[in-house]
Asker: 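Can you keep this structure in mind? I'll have questions shortly.
Numbers for residues simply follow the sequence, beginning at 1.
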Amino acid sequence: MQTETATRNTETRYLSRPDGRIAYDIDGAGPLVLLVPGMGDLRGTYRFVAPALRAAGYRVAVIELRGHGESDATFATYGDVDTSSDIIALLEELGGSAVIVGNSMGAGAAVITAAERPDLVNGIVLVGPFVRNGSTSAIQRLLFRVAMAPPWAAPVWKSYLPRLYAGRRPADFDAYRAQVVAGLHRPGHTKAFSRTTRTSHDAAEARLGNVTAPVLVLMGEQDPDFPDPKAEATWIAETLHGAAVMVPDAGHYPQSQQPDVTLDAVLGFLRGLGDHA
């Protein structure tokens, strides 16, 4: 199977929130699956997986983070808790429960949503997940904050992205990276992105014990965001009583680096849920 085909164009819709609008798209028929990107990324991160899920019989929605892509950059706050509130609002708008697939900080938001609103969550797939803060020093955190300051956040992120794609890169990596960087140059988006980089995952970690939904963890074997990706994936899976799948030749973005492996794992998880998917 080869899922590496670009997603068909879907109409951008907007979810109204108190401080702005959240962009999303939705297409397909069947049980609902909600895909959530991570910090500094776009809905397009699921460009290979989303159409394949739709073809497999699922209704697939893809949301954009606050201050990213076509979402507004007018919000007062950004982070895991805020993203979770947007997920909850979208699921209520769509009128049903879903399986949530979250990448990076999107995974932290998925955990919070599952803990806070189990009635809306049939299962969660955590991809390259940040569900707790890493063990970094105060100096490292300060240097990162300086590097992601608004005046130079866009060029720094552009130069940093290849590292996050350790392993196999998608054939369209250069073009997709250009889209990501172009998104940062939208009015107000660089500042919003800079604020998002200060996200703490304490709220997600505090709610791990409250998650009752089925869980699948997907982790790139070469994910540079974790000193030991396999150990982190195993810890998360054991903590949440779920399963972990290591994705070979992939870094932080298995969904685009190894879409076939990712899709096989996600579809297996979805089918295992049966009528609860």
Side-chain angles (χ1 to χ4, degrees), residues 1-7 33 35-56 58 60 62 99-108 110-111 123-132 134-135 157 159-177 180 201 214-273 277:
M1 178 179 60
Q2 180 56 263
T3 61
E4 224 174 286
T5 55
T7 182
V33 179
L35 309 179
V36 186
M39 178 192 77
D41 210 349
L42 305 172
R43 284 176 288 163
T45 194
Y46 294 107
R47 61 196 179 278
F48 306 128
V49 172
L53 288 173
R54 290 167 180 141
Y58 294 91
V60 180
V62 192
V99 171
I100 302 174
V101 180
N103 177 222
S104 195
M105 70 165 275
V111 164
I124 55 176
V125 180
L126 310 177
V127 186
F130 276 109
V131 299
R132 60 176 175 173
S135 55
W157 190 243
S159 66
Y160 186 66
L161 273 174
R163 180 174 181 269
L164 293 176
Y165 280 84
R168 178 188 179 276
R169 293 180 189 169
D172 65 349
F173 171 75
D174 290 335
Y176 183 69
R177 180 173 65 161
V180 170
H201 306 295
V215 176
L216 173 66
V217 178
L218 295 178
M219 181 76 81
E221 289 183 350
Q222 299 179 46
D223 194 325
D225 273 336
F226 305 96
D228 188 337
K230 185 175 182 179
E232 184 68 9
T234 300
W235 178 83
I236 296 170
E238 290 179 349
T239 300
L240 294 173
H241 309 290
V245 174
M246 299 303 297
V247 182
D249 204 21
H252 198 54
Y253 304 103
Q255 66 272 18
S256 63
Q257 294 182 265
Q258 295 289 356
D260 289 345
V261 177
T262 300
L263 181 66
D264 284 346
V266 172
L267 283 176
F269 178 74
L270 291 171
R271 289 165 181 158
L273 297 176

Asker: Please step through side chain to side chain contact (heavy atoms under 4.5 Å, CB included) for the pair Trp157 and Met39, ending with a clear verdict.
Answerer: CA-CA 11 Å; Trp157 190 243; Met39 178 192 77; 4.0 Å; yes

Asker: Please report the C-alpha distance between Phe48 and Asp172 in whole Å, then the side-chain angles of each, then the deciding distance to 0.1 Å, and finally whether the side chain to side chain contact (heavy atoms under 4.5 Å, CB included) criterion is met.
Answerer: CA-CA 11 Å; Phe48 306 128; Asp172 65 349; 3.8 Å; yes

Asker: Kindly say whether His252 contributes a backbone atom to a donor-acceptor pair with the side chain of Asn103 at under 3.5 angstrom?
Answerer: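 The answer is yes, because a donor-acceptor pair under 3.5 Å joins these two groups.
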
Asker: Can you find a pair of side-chain heavy atoms, one from Lys230 and one from Met219, that are under 4.5 Å apart?
Answerer: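 Sidechains of Met219 and Lys230: no contact.
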
Asker: Before you tell me yes or no, could you show the steps for Leu240 and Leu126 under side chain to side chain contact (heavy atoms under 4.5 Å, CB included), namely the whole-Å CA-CA distance, both residues' side-chain angles and the distance that decides it to 0.1 Å?
Answerer: CA-CA 11 Å; Leu240 294 173; Leu126 310 177; 3.8 Å; yes

Asker: Less than 4.5 Å apart, any side-chain heavy atom of Pro254 and any of Val261?
Answerer: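 Pro254 does not reach Val261 side chain to side chain.
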
Asker: What closest approach, in Å, do Gly106 and Val36 show between heavy atoms, and which atom pair accounts for it?
Answerer: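 Shortest heavy-atom separation between Gly106 and Val36 comes out as CA-CG1, 3.9 Å.
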
Asker: Once you round to the nearest 0.5 Å, how far does CG of Asp223 lie from CG of Leu218?
Answerer: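 Rounded to the nearest 0.5 Å, the CG-CG separation comes out at 11.5 Å.
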
Asker: So, does Gln257 use its side chain to make a donor-acceptor pair with the main chain of Arg168 at under 3.5 Å?
Answerer: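 Yes, the answer is positive, given that a donor and an acceptor are paired below the 3.5 Å cut-off.
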
Asker: Can you tell if the side chain of Val111 reaches within under 4.5 Å of the side chain of Phe130, non-hydrogen atoms only?
Answerer: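 Counting from C-beta outward, Val111 and Phe130 never come under 4.5 Å.
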
Asker: Kindly state whether the ring of Tyr253 and the ring of Tyr46 have centres lying under 6.0 angstrom apart.
Answerer: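 For Tyr253 and Tyr46, the ring centres are not under 6.0 Å apart.
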
Asker: Could you pull out the closest heavy-atom pair between Arg54 and Val60, with the gap in Å?
Answerer: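 Looks like NH2-O, 3.1 Å.
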
Asker: Of all the heavy-atom pairs spanning Trp235 and Val131, show the shortest one and how long it is.
Answerer: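 Distance-wise, the nearest heavy atoms are CZ3-CG2, 4.3 Å.
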
Asker: Please report the interatomic distance CZ(Arg177) to CG(Leu164), rounded to the nearest 0.5 Å.
Answerer: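 Nearest 0.5 Å value for the CZ-CG distance: 11.5 Å.
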
Asker: Where do Ala166 and Gln222 come nearest, in terms of heavy atoms and distance?
Answerer: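 Looking at all heavy atoms of both residues, the closest pair is CB-O, 3.6 Å.
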
Asker: How close do Pro170 and Ser256 get, heavy atom to heavy atom, and via which atoms?
Answerer: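 Looking at all heavy atoms of both residues, the shortest contact is CB-O, 3.6 Å.
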
Asker: Does any non-hydrogen side-chain atom of Val49 lie less than 4.5 Å from one of Val266?
Answerer: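 Val266 vs Val49: side chains apart.
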
Asker: Any idea which heavy atoms bring Leu273 and Pro214 closest together, and the distance?
Answerer: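 Result for this residue pair: CD2-CG, 3.5 Å.
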
Asker: Report the C-alpha separation of Leu35 and Leu53 in whole Å, then their side-chain angles, then the decisive distance to 0.1 Å, and conclude whether the side chain to side chain contact (heavy atoms under 4.5 Å, CB included) test is met.
Answerer: CA-CA 11 Å; Leu35 309 179; Leu53 288 173; 4.2 Å; yes

Asker: Relative to each other, are the rings of Tyr165 and Phe173 parallel, tilted or perpendicular (30° and 60° limits)?
Answerer: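 Plane angle over 60°, so perpendicular.
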
